[in-house]
Amino acid sequence: MLNGLLHSLSVTRWQRLTEWPLTVAAVLFLAAYAWPILQPDLPDPWLGACTSVVWITWAAFALDFFVRLALAADRWRFLKRNLLDLLVVVLPLLRPLRLLRLIALLRILNRRAASGLRGQVTTYVAGGSSLLAFVGALTILKAERGNPDANITSFGDAIWWSITTMTTVGYGDTFPVTTTGRFIAAGLMICGIALLGAVTATLASWLVQSVTEAEEREAEDAEDLRAEVVALREQVRQLVEHLNASDRAPGVDPSTVHRDG
């Protein structure tokens with residue numbers, strides 16, 4: 001029965017059917033992941049509920065990945081093109097990245113901005129950077145808060161550290177002291193540099209396109225002007241030929257034609 005169902009589906013149709021359920025699952029995962037960190041004294045029943053939600057959503061992400069793998073025509077190519085999805089399943093730390101599915105909703109609300117590649121890059125950079133800063137703050141707070149020498153002990157400190165690290169500013173007022181925290185910092189630095197490169201590339205693309213469009217408009221104006229000059233020359237030529245033909249016409253006094261003209 002399961003094989004028959006898989007044969008009747010395609011990867012595209014499966015993704016269309018599971019887009020919203022997995023988006024809701026991603027939101028629930030992030031809430032269940034963040035709540036115990038933001039409220040360390042959470043009662044045990046709620047802590048257990050959050051743990052259950054984390055595992056249930058992880059199972060949903062894993063099921064989605066392996067179903068798409070089973071539906072893929074070329075499975076090795078699918079694995080190569082979906083390494084991030086594989087990491088999301090294998091490494092629990094990366095599971096919040098599934099929230100990038102919310103970009104589909106942003107694209108619906110702002111179709112014009114996301115209609116081109118540059119608009120999509122801008123949307124993904126904005127959504128991805130915000131999500132990365134939030135998740136980075138949560139993970140560093142979880143790693144550092146229990147250390148007696150830690151200087152990142154509140155979510156405010158964590159989000160400030162996350163933003164300064166992502167933007168490669170690094171004031172040095174807050175920094176990780178644990179080994180886990182330093183690994184998190186290294187990953188956040190790499191992601192921040194990648195995001196900065198994406199923003200720079202997007203801005204450069206916009207400038208190049210603006211200059212190109214201005215040059216194309218100038219070329220079109222010059223072409224229109226040349227066409228008008230050619231048309232005027234043709235009118236002058238026709239007028240001259242008409243006058244010459246009138247001068248050569250029999251029974252017509254040229255002096256009269258020129259005087260009347």
Side-chain angles (χ1 to χ4, degrees), residues 1-38 45-139 187 191 194-195 198-199 202:
M1 180 177 180
L2 180 59
N3 290 333
L5 179 62
L6 290 177
H7 284 302
S8 65
L9 291 175
S10 64
V11 174
T12 302
R13 187 181 178 190
W14 172 262
Q15 290 177 336
R16 187 165 53 248
L17 291 174
T18 59
E19 187 72 36
W20 282 107
L22 288 178
T23 298
V24 173
V27 174
L28 291 175
F29 167 81
L30 188 59
Y33 177 81
W35 194 3
I37 298 175
L38 297 176
W46 288 109
L47 185 60
C50 290
T51 303
S52 299
V53 169
V54 166
W55 282 107
I56 291 172
T57 54
W58 176 85
F61 299 146
L63 176 63
D64 169 63
F65 177 80
F66 289 114
V67 168
R68 288 188 292 123
L69 177 63
L71 293 174
D74 189 340
R75 295 178 181 176
W76 282 112
R77 183 181 180 186
F78 176 85
L79 287 174
K80 292 178 181 178
R81 298 182 62 180
N82 294 273
L83 288 178
L84 179 59
D85 288 350
L86 178 60
L87 292 176
V88 166
V89 173
V90 175
L91 300 178
L93 179 63
L94 297 180
R95 287 205 298 271
L97 291 181
R98 274 296 184 179
L99 274 178
L100 287 177
R101 289 179 176 271
L102 290 173
I103 299 302
L105 176 60
L106 297 178
R107 191 158 57 242
I108 293 172
L109 297 177
N110 194 1
R111 293 180 184 274
R112 183 174 182 181
S115 59
L117 177 61
R118 191 176 66 252
Q120 292 177 2
V121 170
T122 303
T123 305
Y124 274 86
V125 166
S129 59
S130 301
L131 179 61
L132 186 61
F134 182 69
V135 174
L138 291 175
T139 53
C191 293
L195 287 171
V199 171
T202 301

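Because only heavy atoms are used, hydrogens play no part in the values below, and waters and symmetry mates are left out as well, while side chains stay in. Just so we're clear, the structure is a prediction, and the values are computed from it rather than from any experiment.
- Remark: of the listed residues Thr139, Leu28, Thr57, Val53, Thr139 is the sole one forming a side chain to side chain contact (heavy atoms under 4.5 Å, CB included) with Tyr33.
- Of all heavy-atom pairs spanning Ala72 and Phe78, the tightest one is CB-CB, 3.8 Å.
- Atom CD1 of Ile56 sits about 13.0 Å away from atom CZ of Phe29, to the nearest 0.5 Å.
- One finds the CZ atom of Phe61 at 11.5 Å from the CH2 atom of Trp58 (value rounded to the nearest 0.5 Å).
- The distance from the CG atom of Asn82 to the CZ atom of Arg75 is 14.0 Å, given to the nearest 0.5 Å.
- Considering only heavy atoms from C-beta on, Thr18 stays 4.5 Å or farther from Val67 through its side chain.
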